[in-house]
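What follows is a set of notes on a single structure, which appears directly below.
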4 protein chains.
Amino acid sequence: MVFSLDAKSGVPFYRQIIEQVKFAVARGDLKPGDQLPTVRQLAVDISINPNTVIRAYRELELEGLLETQQGSGTYVSEKQPEIDAVERQRMLDQIVTELLARASGYGFTLDDVLDGVRQRKEESS
Amino acid sequence: MVFSLDAKSGVPFYRQIIEQVKFAVARGDLKPGDQLPTVRQLAVDISINPNTVIRAYRELELEGLLETQQGSGTYVSEKQPEIDAVERQRMLDQIVTELLARASGYGFTLDDVLDGVRQRKEESS
Amino acid sequence: MVFSLDAKSGVPFYRQIIEQVKFAVARGDLKPGDQLPTVRQLAVDISINPNTVIRAYRELELEGLLETQQGSGTYVSEKQPEIDAVERQRMLDQIVTELLARASGYGFTLDDVLDGVRQRKEESS
Amino acid sequence: MVFSLDAKSGVPFYRQIIEQVKFAVARGDLKPGDQLPTVRQLAVDISINPNTVIRAYRELELEGLLETQQGSGTYVSEKQPEIDAVERQRMLDQIVTELLARASGYGFTLDDVLDGVRQRKEESS
DNA sequence: GTGGTCTAGACCACC
DNA sequence: GTGGTCTAGACCACG
């Protein structure tokens with residue numbers, strides 16, 4: 001799995017790592033039992049402070065997505081946490097709300113955003 | 001114009017004010033020449049420190065959206081800064097990218113997001 | 001004498017008035033004994049607060065450039081204050097220093113400014 | 001890079017810092033990628049409140065001159081914002097206009113100013 | 001009355 | 001360690 005960070009995005013590094021891991025798991029690129037890069041290795045690979053990697057892994061572990069085996073490494077949990085459907089929907093709502101608010105601040109309408117997302121879909125298909 | 005802050009959102013107060021002003025201008029609720037609430041008045045209204053309001057107004061002034069006349073008040077600029085079409089598109093791209101990145105982190109597909117936004121559209125119509 | 005204010009310049013109104021009066025006297029447009037517009041008249045003419053006019057006139061009176069005769073009006077002093085040559089030079093130095101500093105902040109060289117001033121000279125001749 | 005403040009000038013501290021940074025970048029004393037003094041360090045060095053330094057750095061960041069990396073420090077942007085040539089000329093015009101206006105207020109002619117600036121040039125050469 | 005600047009100090013987020 | 005946000009309150013400048 002390949003990680004990449006964007007320092008200019010304003011999104012903190014540890015969040016970018018978290019999202020990339022979640023994305024990889026959601027896509028199936030990372031399967032239960034798969035090992036993740038070691039903290040030190042990943043830190044070197046993407047040129048960041050090991051503490052930042054630790055923080056990302058720890059949060060993912062707290063969520064139940066990862067498991068660390070002392071001395072062995074960090075792995076994708078065998079039992080992926082089931083997210084309550086209601087909770088899940090609320091999550092999406094929250095994300096959509098925030099981004100729409102930001103978009104409207106720049107004068108974009110809901111349709112503008114809708115078109116933007118549709119366009120991505122075409123590009124990816 | 002009505003302002004409201006959400007202390008739990010994690011979004012800094014001054015950013016919330018900035019976005020609400022931008023939104024109001026984009027919607028036409030605030031027109032060029034209109035006076036904004038005075039710093040002290042708004043501070044009292046939404047129960048925050050005047051310095052925080054000043055900061056929000058100041059950033060909007062630096063962007064060219066507002067103008068302040070010492071001793072008189074703060075107004076919406078007569079000449080709203082024109083946003084370059086290319087710049088605008090890049091802005092939308094960035095917003096959509098973040099929207100999708102955040103959503104995918106929770107396992108949502110592009111279609112899930114599309115549905116989420118569509119749903120908003122129906123609600124608002 | 002015609003006054004005009006530029007609200008966008010950032011220079012406070014009372015300073016703009018002061019400089020315009022000084023300029024008019026320096027040019028000879030206003031001679032010793034000449035009456036200036038009354039405070040109220042000028043305030044109406046240029047659409048500002050009378051207090052602002054009062055402030056400008058008062059500072060000019062303190063410098064000895066104007067004299068107010070209660071109930072009669074404000075006049076250019078018969079005896080224009082002589083500014084010490086050294087003081088005068090220091091004044092110019094200070095003005096030049098500040099503006100050059102600001103110009104350099106935008107990457108302009110001393111020659112750029114020099115050219116800018118020369119250009120004005122040609123335009124005015 | 002050495003900073004120095006003049007409390008008597010009437011120019012706000014944060015503006016003085018901004019102009020000194022711009023000047024240093026324009027001169028090449030600060031190059032893209034260079035780190036600036038930390039907020040706290042600079043605050044101690046020039047004996048002002050850290051908030052004032054933050055404010056200066058922040059405005060420079062909004063202009064695109066600096067970039068801050070949370071937890072790491074503040075750096076000169078790799079891509080310095082390009083100033084539109086027209087915009088640049090307007091800026092110079094504005095500076096020259098103010099220079100002449102202020103000078104004429106003290107009875108200096110355009111030639112006096114020209115001499116004053118020329119003199120600076122000789123001194124600096 | 002209006003906005004602007006600065007300080008002091010608390011608390012937070014990130015690396 | 002780094003920068004960021006917010007508060008409280010003083011003092012100033014402008015109209």
Side-chain angles (χ1 to χ4, degrees), chain A residues 5 7 10-18 43 46-56 59, chain B residues 5 7 9-17 35-43 46-59 61 66-75, chain C residues 5 7 10-18 39 43 46-56 59, chain D residues 5 7 9-17 35-43 46-61 66-75:
Chain A
L5 297 183
V11 181
F13 290 164
Y14 82 96
R15 278 231 128 278
Q16 293 187 39
I17 296 173
I18 288 175
I46 55 182
S47 306
I48 61 169
N49 190 311
N51 283 329
T52 306
V53 180
I54 290 175
R55 176 167 183 179
E59 291 211 7
Chain B
L5 296 184
S9 71
V11 180
F13 291 165
Y14 81 93
R15 279 232 129 276
Q16 295 186 39
I17 296 173
Q35 179 173 7
L36 278 92
T38 69
V39 168
R40 287 167 171 81
Q41 188 57 51
L42 180 52
I46 56 182
S47 304
I48 62 170
N49 190 296
N51 280 329
T52 305
V53 179
I54 286 178
R55 173 167 187 181
Y57 280 9
R58 172 162 190 80
E59 283 203 14
E61 193 188 357
L66 302 183
E67 282 175 13
T68 82
Q69 294 197 341
Q70 265 289 22
S72 160
T74 306
Y75 304 83
Chain C
L5 297 183
V11 181
F13 290 164
Y14 82 96
R15 279 229 127 278
Q16 294 186 39
I17 296 174
I18 288 175
V39 168
I46 56 181
S47 305
I48 62 170
N49 190 311
N51 284 328
T52 305
V53 180
I54 290 175
R55 175 166 185 181
E59 290 210 7
Chain D
L5 296 183
S9 72
V11 181
F13 291 165
Y14 81 93
R15 280 232 129 278
Q16 295 186 37
I17 296 174
Q35 180 172 9
L36 278 93
T38 68
V39 168
R40 289 167 171 81
Q41 188 58 51
L42 181 53
I46 55 180
S47 305
I48 62 169
N49 190 298
N51 279 330
T52 305
V53 179
I54 287 178
R55 175 168 184 181
Y57 280 8
R58 173 165 189 80
E59 283 203 14
L60 286 164
E61 192 188 358
L66 301 184
E67 283 175 10
T68 82
Q69 293 197 342
Q70 264 288 23
S72 159
T74 306
Y75 304 83

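As the structure is a prediction and not an experimental result, all values here were calculated from the model. Just so it is clear: chains get the letters A, B, ... in the order the sequence lines come, proteins before strands, and each one is counted from 1.
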Separation of atom CD1 in C:Ile46 from atom P in F:dC14, rounded to whole Å:
16 Å
Phosphate contact (E:dT7 OP1 or OP2) by D:Thr52 side-chain N/O below 4.0 Å:
yes
N/O (side chain, D:Thr74) to phosphate O (OP1/OP2, F:dT2) under 4.0 Å:
no
Toward the 5' end of DNA chain E, which comes first, A:Val11 or D:Pro12, by nearest nucleotide?
D:Pro12
F:dC11 pairs with, by Watson-Crick or G-U criteria that keep both distances under 3.5 Å
E:dG4
Nucleotide F:dG3, atom C1' - distance to CG of D:Leu60 in whole Å:
15 Å
In whole Å, I'd like the distance from the CD1 atom of B:Ile54 to the P atom of F:dA8.
14 Å
Taking any heavy-atom pair under 4.0 Å as a contact, classify D:Arg40: base, sugar-phosphate, or nothing.
base
Which part of the nucleic acid, if any, lies within reach of C:Phe13 when heavy atoms closer than 4.0 Å are counted: base, sugar-phosphate only, or nothing?
sugar-phosphate
Can you work out whether D:Glu61 or C:Arg15 has the more 5'-proximal nearest nucleotide on DNA chain F?
D:Glu61
For the CD1 atom of C:Ile48 and the CD1 atom of C:Ile17, what is their distance to the nearest 0.5 Å?
4.0 Å
What integer distance in Å separates D:Gln69:CD from F:dT2:C1'?
11 Å
So, OP1 or OP2 of F:dT2: does either fall under 4.0 Å of a side-chain N or O from D:Thr38?
yes
Ignoring hydrogens and geometry beyond distance, is the side chain of D:Asn51 in donor-acceptor contact with the base of F:dG4 at under 3.5 Å?
no
Look at the side-chain N and O atoms of B:Arg55 and state whether any lies under 4.0 Å from the OP1 or OP2 oxygen of F:dT5.
yes
Give, for atom CG of D:Leu60 and atom CZ of D:Arg55, the distance between the pair rounded to the nearest 0.5 Å.
12.0 Å
Whole-Å distance between E:dC14 P and A:Ile17 CD1?
12 Å
Please classify the nucleic acid contact of D:Tyr14 as base, sugar-phosphate, or nothing, using heavy-atom distances under 4.0 Å.
sugar-phosphate
Measure the shortest side-chain to side-chain distance between D:Ser9 and D:Gln16 over non-hydrogen atoms and say whether it is less than 4.5 angstrom.
yes
Decide yes or no, distance alone: a donor-acceptor N/O pair under 3.5 angstrom between the base of F:dG1 and the side-chain of A:Asn49.
no
Touch check for B:Ile48, heavy atoms < 4.0 angstrom, all strands: base, sugar-phosphate only, or nothing?
sugar-phosphate
Atom of B:Phe13, atom of B:Thr52 and distance for their closest heavy-atom approach:
CB-CG2, 3.8 Å
Is the distance from OP1 or OP2 of F:dG4 to the nearest side-chain N or O of D:Thr68 less than 4.0 Å?
yes
The residue, D:Gln70 or D:Ser47, whose nearest nucleotide of DNA chain E is more 5′ is D:Ser47
Rounded to whole Å, please give me the gap between OH in D:Tyr57 and P in F:dT2.
11 Å
Hey, does D:Tyr57 have a side-chain heavy atom less than 4.5 Å from the side chain of D:Leu36?
yes
Length of the line joining D:Arg58:CZ and E:dT5:C1', which is rounded to integer Å:
17 Å
Over how many whole Å does the gap from D:Gln16 atom CD to E:dT5 atom C1' extend?
12 Å
I'd like to know if the side chain of B:Thr74 pairs up with that of B:Glu67 as donor and acceptor (distance under 3.5 Å, no hydrogens or angles considered).
no
